[in-house]
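The block underneath contains the structure these notes are about, expressed in structure tokens.
Note that the structure is predicted; figures quoted are calculated from it, not measured. Only this structure's heavy atoms are used, side chains among them; waters, hydrogens and symmetry mates stay out.
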Amino acid sequence: ADRSVIGPEADGWLTFSSAALEQQEQETIDAYGDGVSKHVAGPGIAALNHDDDILSIDVFEGGVRTATYNSCPGYFSESPTEADMKPRLTNPDVFDALAPDAGISALLNDRPVFAVEAHAAFAKAAGLPPETAGFGFRYAERGEFVALDLTWAGRANS
């Protein structure tokens with residue numbers, strides 16, 4: 001079974017991560033996002049911050065990925081084009097609907113130096129708990145979120 005950690009509910013949002021999600025594979029992210037969003041009233045948001053260089057955000061609704069953002073989609077390509085190195089945002093209206101007065105799509109296209117800064121700005125604009133920026137399974141497992149009341153599944157000594 002996949003080991004996972006769930007943070008406390010805050011402002012209607014629930015933060016979680018798992019060992020499988022730490023592999024940063026889109027198929028796994030989609031499986032979690034699709035599955036979770038089938039069972040919640042609002043959107044599910046999956047955010048991935050790769051080595052503080054790349055921020056990827058997917059929005060899921062009703063079991064379907066409805067919008068994506070990638071700060072540098074060509075990062076892993078052997079010979080990316082200039083266009084591949086610029087932020088890519090699909091369905092900006094879905095992002096903007098998360099917080100209608102926040103201008104989230106414009107915020108995402110204004111790329112700061114570090115991905116975690118963009119993640120924190122997104123979390124704040126969308127009304128997400130601040131700890132969601134940078135939250136991850138391996139960080140929680142190392143004890144970096146001791147101030148949060150975390151719930152563990154599939155972990156020894158939980």
Side-chain angles (χ1 to χ4, degrees), residues 1-78 87-91 94-95 97-99 102 104 107-108 111-158:
D2 187 18
R3 296 173 302 140
S4 59
V5 60
I6 302 169
E9 183 273 332
D11 298 324
W13 293 98
L14 185 63
T15 303
F16 73 90
S17 190
S18 76
L21 289 168
E22 288 289 323
Q23 301 306 308
Q24 301 184 1
E25 294 173 353
Q26 190 64 49
E27 298 81 22
T28 303
I29 294 167
D30 287 347
Y32 269 84
D34 291 348
V36 168
S37 70
K38 286 178 185 177
H39 302 287
V40 297
I45 300 171
L48 181 140
N49 184 340
H50 177 78
D51 288 340
D52 210 21
D53 293 321
I54 307 300
L55 176 62
S56 172
I57 301 172
D58 296 306
V59 179
F60 298 88
E61 299 171 285
V64 177
R65 182 170 19 139
T66 57
T68 62
Y69 168 77
N70 189 315
S71 65
C72 189
Y75 184 81
F76 295 105
S77 180
E78 288 188 29
R88 187 168 300 143
L89 179 69
T90 65
N91 295 331
V94 171
F95 281 98
L98 295 171
I104 291 176
L107 176 138
L108 289 173
R111 187 169 134 185
V113 175
F114 296 109
V116 73
E117 294 170 355
H119 194 177
F122 167 77
K124 183 177 181 179
L128 301 173
E131 64 272 0
T132 61
F135 187 85
F137 180 81
R138 66 184 156 137
Y139 301 117
E141 192 170 51
R142 286 194 307 232
E144 294 186 23
F145 296 96
V146 293
L148 297 179
D149 183 20
L150 299 176
T151 301
W152 293 91
R155 177 180 184 226
N157 301 323
S158 54

According to side chain to side chain donor-acceptor pair (under 3.5 Å), who are the partners of [X], at least two apart in sequence or on a separate chain?
X: Thr68; result: Thr90
X: Asp52; result: none
X: Ser18; result: Asp2, Tyr32

Tell me, do [X] and [Y] make a side-chain contact under 4.5 Å, heavy atoms counted?
X: Glu141; Y: Trp152; value: yes
X: Ile57; Y: Phe95; value: yes
X: Asp58; Y: Ile45; value: no
X: Val5; Y: Phe145; value: no
X: Thr15; Y: Ile6; value: no
X: Ile54; Y: Asn49; value: no

Subject >> Ion pair check, Asp34 and Arg65, cut-off under 4.0 Å >> reply: no
Original post:
Excluding sequence neighbours, so at least two apart, what forms side-chain contact (heavy atoms from CB on, under 4.5 Å) with Val40?
Top reply: Val36
Could you list the donor-acceptor pairs under 3.5 angstrom formed between side-chain atoms of residues 120-139 and any protein atom two or more places apart in sequence or on another chain?
unit_1: Thr132; atom_1: OG1; unit_2: Pro129; atom_2: O; d: 2.8
unit_1: Arg138; atom_1: NE; unit_2: Glu22; atom_2: OE1; d: 3.0

Subject >> Over all atoms of both residues, closest heavy-atom pair of His119 and Ala47 >> reply: NE2-CB, 3.4 Å
**OP:** Could I get the full list of salt bridge (Lys or Arg N to Asp or Glu O under 4.0 Å) partners for Glu25, not counting sequence neighbours?
**Re:** none
Subject >> Exercise: do Ser37 and Glu61 side chains pair donor with acceptor under 3.5 Å >> reply: no
Subject >> From Ser17 atom OG to Leu150 atom CG, the distance as rounded to the nearest 0.5 Å >> reply: 11.0 Å
Original post:
So how far is it from Arg88 CZ to Ser56 OG, rounded to the nearest 0.5 Å?
Top reply: 11.5 Å
Could you check whether any side-chain N or O of [X] sits under 3.5 Å from a backbone N or O of [Y], counting only pairs where one atom can act as donor and the other as acceptor?
X: Tyr69; Y: Leu108; value: yes
X: Asp51; Y: Asp53; value: no
X: Thr66; Y: Val59; value: yes

Subject >> Ring centres under 6.0 angstrom apart (Phe76, His50) >> reply: yes
